[in-house]
Amino acid sequence: MKKMPLYTAGFAVLLSIIAIYFAKSSSELVYVDVNKLITGYSKTKVAKAEFDKKAALMKANVDSLISNWQNELKNYEKERTSLSPKELKLKQELLSNKQQQINGYQEAIQKKIQEEDKKVTQTVINDINDYIKEYGKDHNYKIIFGASGGGNIMYADESTDLTEEVLKGLNAEYDEK
C-alpha cells in the first residue's frame, strides 16, 4: 500500500511525458501554400520574364514566316492569269510545300515553348523544394506538407502555415545569389 502513491506518481509522470511528446510532435507538422510560394518567389518572376521574352521572339519568327508566305500567295493571285499551266502548277506546289514547312515549324516552336516553360517551372519548383528541405531540417520539423488548393490539405490551423516565413527566407537566399 505504501508503494501505491509512488506508482501513481510514476504513472502521472509517464503520462505527462507522453502528452508533452505528442504536443511537441503535433507542432512539428506544418504546411506551406505551394501556389503562393511559386508566385511570390522572386526567381519565378525573373524566370517568367526571360521565358516570355524568348517565347515572344520565337512567335515573332513564326509570324514573319507566315506573313512572307501570305505575301507570296497574294502575288501568286495577282500574276496567276499571266502564268502558263505548267508555271501555275509549279507555283501552287511551291506555295503548298512552303505552307507545310511553316506549319511544321510552327508546331515545333509551340512544342519547344511548352518544353521551355516546363523546364523553367521545374527549376523553380526544385529550388523551392531544396529550400524547404533545408528549412525543415534547420527548424526540426518532421513533416512540411504542401498545400496547393487541390484538396491535399483541407484544413489546417493558421499557426501551422509557414508560407510567408518560408517565402521571405527563399527570396532572401535568391537575392543573395
Side-chain angles (χ1 to χ4, degrees), residues 6-68 101-177:
L6 185 60
Y7 288 131
T8 306
F11 185 71
V13 168
L14 181 64
L15 280 177
S16 298
I17 291 171
I18 291 171
I20 289 170
Y21 172 77
F22 282 113
K24 185 177 187 298
S25 296
S26 66
S27 68
E28 292 172 348
L29 300 177
V30 293
Y31 76 99
V32 293
D33 185 322
V34 177
N35 293 333
K36 284 182 182 176
L37 287 179
I38 291 172
T39 57
Y41 184 26
S42 298
K43 184 174 182 177
T44 304
K45 295 169 187 150
V46 171
K48 184 174 176 4
E50 289 173 4
F51 167 76
D52 287 345
K53 195 183 295 184
K54 268 187 190 177
L57 182 62
M58 288 188 238
K59 287 177 183 177
N61 288 338
V62 170
D63 291 344
S64 176
L65 290 172
I66 291 172
S67 178
N68 288 342
Q101 289 174 344
I102 291 171
N103 288 342
Y105 181 70
Q106 187 173 23
E107 287 174 17
I109 291 297
Q110 286 172 343
K111 185 176 179 182
K112 186 173 182 166
I113 288 172
Q114 288 173 344
E115 289 170 357
E116 190 73 24
D117 184 33
K118 190 175 181 180
K119 183 178 157 187
V120 166
T121 302
Q122 192 58 51
T123 301
V124 168
I125 289 171
N126 289 345
D127 285 358
I128 291 171
N129 288 342
D130 291 345
Y131 181 82
I132 288 176
K133 185 183 264 185
E134 290 304 313
Y135 184 90
K137 286 178 185 176
D138 293 346
H139 292 83
N140 297 319
Y141 290 114
K142 293 197 184 301
I143 296 177
I144 299 178
F145 293 100
S148 61
N152 51 359
I153 294 179
M154 299 300 287
Y155 170 78
D157 188 274
E158 286 184 24
S159 66
T160 62
D161 183 358
L162 297 177
T163 306
E164 292 303 318
E165 189 175 328
V166 168
L167 190 56
K168 285 177 188 171
L170 187 63
N171 283 329
E173 181 179 273
Y174 176 72
D175 292 342
E176 286 176 10
K177 294 178 183 177

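Between Ile144 atom CD1 and Leu29 atom CG the span is 10.5 Å, to the nearest 0.5 Å.
Ser67 meets the side chain to side chain donor-acceptor pair (under 3.5 Å) test with no other residue; sequence neighbours excluded. Residues forming a side chain to side chain donor-acceptor pair (under 3.5 Å) with Lys43 (at least two apart in sequence, or on another chain): Asp127. Scanning for side-chain contact (heavy atoms from CB on, under 4.5 Å) contacts around Asp117 gives Phe51, Thr121, with sequence neighbours left out. Leu170 pairs by the side-chain contact (heavy atoms from CB on, under 4.5 Å) definition with Tyr41, Ile128, Tyr131, not counting sequence neighbours. Tyr135 meets the ring pair (Phe, Tyr, Trp, His ring centres under 6.0 Å) test with His139; sequence neighbours excluded. Evaluation of the side chain to side chain donor-acceptor pair (under 3.5 Å) rule for Asp138 yields no partner, not counting sequence neighbours. For Lys133, there are no salt bridge (Lys or Arg N to Asp or Glu O under 4.0 Å) partners two or more places apart in sequence or in a different chain. Among residues two or more places apart in sequence or in another chain, the side chain to side chain donor-acceptor pair (under 3.5 Å) test is passed with Thr163 by Asp161.
Among pairs with a residue in residues 166-177, those fulfilling side-chain hydrogen bond (donor to acceptor under 3.5 Å, both in side chains) read Ser42-Asn171, at least two apart in sequence or across chains.
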Do any side-chain atoms of residues 53-65 form donor-acceptor pairs under 3.5 angstrom with protein atoms, and if so which ones, sequence neighbours left out?
{"residue": "Lys54", "atom": "NZ", "partner": "Glu116", "partner atom": "OE2", "Å": "3.3"}

Atom pairs and distances, side-chain donor-acceptor, residues 102-114, under 3.5 Å, sequence neighbours left out:
{"residue": "Asn103", "atom": "ND2", "partner": "Gln99", "partner atom": "O", "Å": "3.4"}

